[in-house]
> 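Below: one structure in structure tokens.
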Amino acid sequence: MTINLLTNLSFYIPEMIAIVTMCSLLFMETAYANNERRRTFVYVTGFIGMLLCLFSLYKNLGIDSQGIFANAVVIDSFSTMMKMTMVIGTLGTFYISHKSIDIYDELKSEYLIMAVGVLVGGMLLASSNNMLTLYLGVETLSILSYVMTSLKRRDHLSSEAGIKYALYGGVTAGIMLFGMSHLYGLFGSIQFPDIIAGIKALEGFNIAVILSLLMFFVGIGYKIACFPFHMWSPDVYQGSPVPVTAFFSIVPKIAGIAVVARVTYSFFGTENMTTQVWNSMIAVIAALTMTVGNLSALNQKSVKRMLAFSSIGHVGLILIGVLTFGGKGMSSILFYTLIYTFMTLVAFFVTTMIVNRTGSDDAIYFRGLAKTHPILGVSMLIALFSLAGLPPFGGFIAKFNIISSAVGQGLYTLSVIAAINSVISLVYYLKLARTMVFDDADGEAKIESYSLASRVYVIGMVIPIIFLGLFWNNIYHLYSSAKIYLN
Amino acid sequence: MISLKAYLFVSMILMVTGLVVMISRKNIVAILLGIELILNSAALNFVAYSKYAANNLDGHIFSLFIIVIAAAEAAVGLAIVIRFFQVKETIHIDEASELREELTR
């Protein structure tokens with residue numbers, strides 16, 4: 001048994017690399033935190049660690065799906081691909097944190113430590129196969145996120161956002177645990193395979209099971225910020241430093257979506273009453289999440305808040321993919337999250353630059369950006385068009401795949417709602433685009449921190465958006481071959 | 001012998017008390033206490049079910065993890081409360097109202 005667990009470690013190399021990176025960053029932070037020049041070394045270490053992690057995840061793609069550590073954690077290509085997207089997102093936010101003045105210089109290495117920590121939690125969450133690993137993943141993700149939110153000391157908004165996040169997060173985690181405890185009592189095990197077998201054997205409308213499952217959903221739904229549990233998200237996004245906001249809209253969300261997809265697909269494979277209740281709940285939540293997110297984004301002054309609501313809208317779309325997971329849903333979720341990561345990184349990098357110059361993320365400070373800083377402005381335009389789902393860019397392909405998978409499964413109402421929501425989202429994205437292109441800039445305000453490396457970064461992030469919009473077949477085929485492990 | 005129902009009843013009361021504390025108290029530290037009550041109700045449930053419903057130790061292990069994580073969460077929560085107190089000089093939840101929607105026009 002012990003030998004068996006040790007051999008399992010060889011499938012767990014990516015997570016171990018991430019953990020080792022986090023620990024070494026922690027040691028380096030104590031040594032170099034006050035030394036301006038040596039801090040670059042901390043960044044290089046984090047960068048190399050994440051690249052190694054990405055590489056070993058890539059190596060893991062070839063492994064057959066299996067459960068490791070006494071079936072507590074699963075290694076399958078679906079979770080590995082989700083983890084790769086998460087690592088790319090973390091790497092992207094590293095550079096944003098390096099550039100941002102929102103994160104004080106002496107705290108930059110702490111940002112790296114906590115970002116990698118959240119990534120470890122997200123990886124655990126994406127491949128969890130029992131309720132204990134799921135809970136541990138959620139809490140690793142959450143506890144570090146609370147600290148990241150209030151990273152900007154001496155700032156009213158940041159500490160207030162931290163309080164709100166911690167209180168909401170604590171109570172939803174508690175409700176999720178309460179639901180889990182009743183599921184344990186009802187099915188006699190915390191392992192997903194046993195619960196799946198239990199749900200399969202159910203007949204008729206079992207109110208206890210359904211109530212426990214609803215409570216269970218509260219915790220995950222909170223992490224992905226879907227409709228009834230989304231109200232923390234705009235406040236926390238607005239209060240946090242910009243790199244943290246970028247990080248929150250990528251890593252915890254993708255991890256949460258991975259776990260919602262796994263639970264929905266594996267728990268509810270058979271046609272019975274419980275499955276119908278769960279699926280219709282997800283469908284209603286998807287429709288409401290999209291609509292509420294996009295409608296609330298319409299007149300926001302703060303760009304961070306607007307992006308928060310727009311990411312709520314995107315989660316609603318991805319939930320449609322969760323519903324159609326058995327069909328084309330899996331590949332469309334994977335594709336959507338990848339594109340979404342790049343678009344979000346570009347949008348938040350530009351916002352960081354604006355915040356660096358003006359100290360505020362108000363939409364009026366984006367005036368004339370395309371004229372004063374052409375590369376930055378055009379990149380932001382491409383990111384906005386792609387987020388809105390306009391044709392030549394990756395966002396269009398992503399949305400198209402989700403909607404076509406919904407049509408393929410006969411979810412016509414949801415596809416119509418998704419299409420209407422794309423139109424609504426166009427309004428606020430294009431409004432910001434108009435401000436950037438047609439309005440005049442106030443004076444010759446140059447962005448001090450906008451260096452050559454920044455140009456390279458932003459162009460490097462825009463290329464995948466365009467490239468994946470034109471030549472999406474190869475990566476889509478790779479994603480179509482993803483497998484999910486059951487039992 | 002105490003029945004399973006008694007345990008479930010106590011944990012239900014703990015859960016509801018926690019939620020009521022969350023909603024009604026204005027002191028942030030008291031709200032954190034409410035969260036602890038909710039977590040403990042879940043831990044009690046796990047132990048009770050482990051003894052009566054499922055014949056395995058999963059529930060015991062789970063409740064140990066809950067205790068550890070609740071401690072970590074309380075530590076981080078209190079640290080954030082201290083930060084909040086330093087900038088605002090109060091721990092009244094109604095003071096946490098600076099983040100709000102501002103609409104154009």
Side-chain angles (χ1 to χ4, degrees), chain A residues 130-132 135-136 138-140 142-144 146-147 149-150 153-167 169-171 173-191 194 234-239 296 298-302 305 362-364 431, chain B residues 4 8 11-12 15 18-19 22 28 31-32 34-50 52-56 58-59 61-63 65-66 69-70 72-77 79-81 83-88 91 93 95-105:
Chain A
N130 74 22
M131 290 197 288
L132 184 56
Y135 174 61
L136 283 179
V138 167
E139 286 296 328
T140 317
S142 310
I143 292 178
L144 288 169
Y146 308 151
V147 186
T149 311
S150 41
R153 298 171 183 162
R154 307 192 283 275
D155 184 79
H156 282 228
L157 299 183
S158 184
S159 52
E160 183 186 323
I163 287 273
K164 284 186 176 170
Y165 199 11
L167 295 184
V171 78
I175 292 172
M176 179 178 78
L177 270 181
F178 200 71
M180 279 178 172
S181 69
H182 283 296
L183 282 179
Y184 171 62
L186 288 163
F187 298 118
S189 169
I190 57 170
Q191 289 284 347
D194 297 333
D235 281 356
V236 168
Y237 277 36
Q238 193 192 351
S296 320
L298 277 177
N299 276 322
Q300 296 295 335
K301 241 177 155 180
S302 149
R305 227 180 153 88
D362 216 319
I364 53 167
K431 210 159 144 194
Chain B
L4 175 62
L8 294 187
S11 89
M12 194 69 206
M15 166 89 178
L19 281 177
M22 278 286 296
I28 297 175
I31 297 176
L32 281 174
I35 293 174
E36 294 299 312
L37 285 183
I38 296 175
L39 291 176
N40 282 333
S41 78
L44 181 61
N45 257 350
F46 268 113
V47 176
Y49 275 133
S50 186
Y52 290 96
N55 290 316
N56 52 31
D58 291 1
I61 306 291
F62 210 125
S63 51
F65 270 97
I66 293 176
I69 290 176
E73 197 163 328
V76 169
I80 295 175
V81 172
R83 177 69 64 212
F84 185 78
F85 182 72
Q86 279 176 348
V87 292
K88 301 228 181 183
I91 49 168
I93 194 70
E95 295 299 315
S97 56
E98 279 183 56
L99 290 166
R100 55 175 56 182
E101 239 165 16
E102 277 184 66
L103 301 179
T104 50
R105 260 163 290 130

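So you know, we letter chains A, B, ... as the sequences are listed, proteins then strands, and number each from 1.
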> So what's closer than 4.5 Å to chain A heavy atoms on B:Ile93: side chain, backbone, both or neither?
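When you check distances to chain A, only side chain atoms of B:Ile93 fall under 4.5 Å.
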
> For chain A, which of B:Ile66, B:Val81, B:Ile28, B:Leu39 has the most heavy-atom pairs under 4.5 Å?
B:Ile66

> Once you measure the plane-to-plane angle for A:Tyr184 and B:Phe46, does it fall in the parallel (<30°), tilted (30-60°) or perpendicular (>60°) bin?
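Aromatic pair A:Tyr184/B:Phe46 classed tilted.
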
> Which atoms of B:Ile61 come close to chain A, meaning under 4.5 Å heavy atom to heavy atom: side chain ones, backbone ones, both, or neither?
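Only the side chain of B:Ile61 comes within 4.5 Å of chain A.
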
> Would you call B:Ile69 and A:Ile143 a side-chain contact if the rule is heavy atoms closer than 4.5 Å?
yes

> Among B:Ala43, B:Ala72, B:Gly59, B:Ala70, single out the residue with the greatest number of heavy-atom pairs under 4.5 Å to chain A.
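Of the options given, most contacts go to B:Gly59.
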
> For A:Ser150, which of B:Val76, B:Val87, B:Ile80 qualifies under side-chain contact (heavy atoms from CB on, under 4.5 Å)?
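So, applying the side-chain contact (heavy atoms from CB on, under 4.5 Å) to A:Ser150 and each of B:Val76, B:Val87, B:Ile80, only B:Ile80 qualifies.
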
> If you count heavy-atom pairs under 4.5 Å with chain A, which of B:Ala48, B:Ser50, B:Gly34, B:Gly77 comes out on top?
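Most heavy-atom pairs under 4.5 Å with chain A: B:Ser50.
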
> Heavy-atom distances under 4.5 Å only: say whether B:Ser11 touches chain A with side chain, backbone, both or neither.
both

> Checking A:Ala363 against chain B: side chain, backbone, both or neither under 4.5 Å from a heavy atom?
neither

> Starting at CG of B:Asp58, measure out to CD1 of A:Ile190 and round the result to the nearest 0.5 Å.
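Atom-to-atom, B:Asp58:CG and A:Ile190:CD1 are 4.0 Å apart.
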
> Less than 4.5 Å to any heavy atom of chain B: does that hold for the side chain of A:Gln300, its backbone, both, or neither?
both

> How would you list, by chain and number, every residue that makes a salt bridge (charged side-chain N to carboxylate O under 4.0 Å, His left out) with A:Asp155, sequence neighbours excluded?
A:Lys152

> Examine whether an atom of A:Ser158 lies under 4.5 Å from a heavy atom of chain B, and if so say whether it belongs to the side chain, the backbone or both; otherwise answer neither.
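Answer is neither: A:Ser158 stays 4.5 Å or more from chain B.
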
> Please give me the minimum heavy-atom distance between B:Ala42 and A:Ser181, naming the atom from each residue.
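The pair with the smallest heavy-atom distance is O-CB, 3.8 Å.
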
> Can you tell me which portion of A:Met180 sits under 4.5 Å from chain B's heavy atoms? Options are side chain, backbone, both or neither.
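For A:Met180, the contact with chain B is made by backbone and side chain together.
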
> What I'd like to find out is whether the side chain of A:Ile163 reaches to under 4.5 Å of the side chain of B:Arg83, using heavy atoms alone.
no

> Quick one: which of A:Pro234, A:Gly170, A:Gly174 has the most heavy-atom pairs under 4.5 Å with chain B, could you say?
A:Gly170

> Among A:Glu139, A:His156, A:Arg154, A:Gln238, single out the residue with the greatest number of heavy-atom pairs under 4.5 Å to chain B.
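Winner by heavy-atom pair count: A:His156.
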
> Would you please test B:Leu19 and A:Val171 for side-chain contact (heavy atoms from CB on, under 4.5 Å) and show each step?
CA-CA 8 Å; B:Leu19 281 177; A:Val171 78; 4.0 Å; yes

> Report which part of B:Leu8 has an atom under 4.5 Å of a heavy atom belonging to chain A: side chain, backbone, both, or neither.
side chain

> B:Glu95: which residues meet the side-chain hydrogen bond (donor to acceptor under 3.5 Å, both in side chains) condition with it, sequence neighbours left out?
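None.
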
> Is B:Gln86 in contact with chain A via its backbone, its side chain, both, or neither, using a 4.5 Å heavy-atom distance?
neither

> Tell me whether B:Asn45 contacts the main-chain N or O of A:His182 through its side chain, where contact means a donor paired with an acceptor under 3.5 Å.
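Judged by distance alone, no pair lies under 3.5 Å.
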
> Considering only heavy atoms and a distance below 4.5 Å, find which of B:Phe84, B:Phe65, B:Phe62 pairs most often with chain A.
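Heavy-atom pair counts peak at B:Phe62.
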
> Sort A:Leu186 into side chain, backbone, both or neither according to what part of it lies under 4.5 angstrom from a heavy atom of chain B.
neither

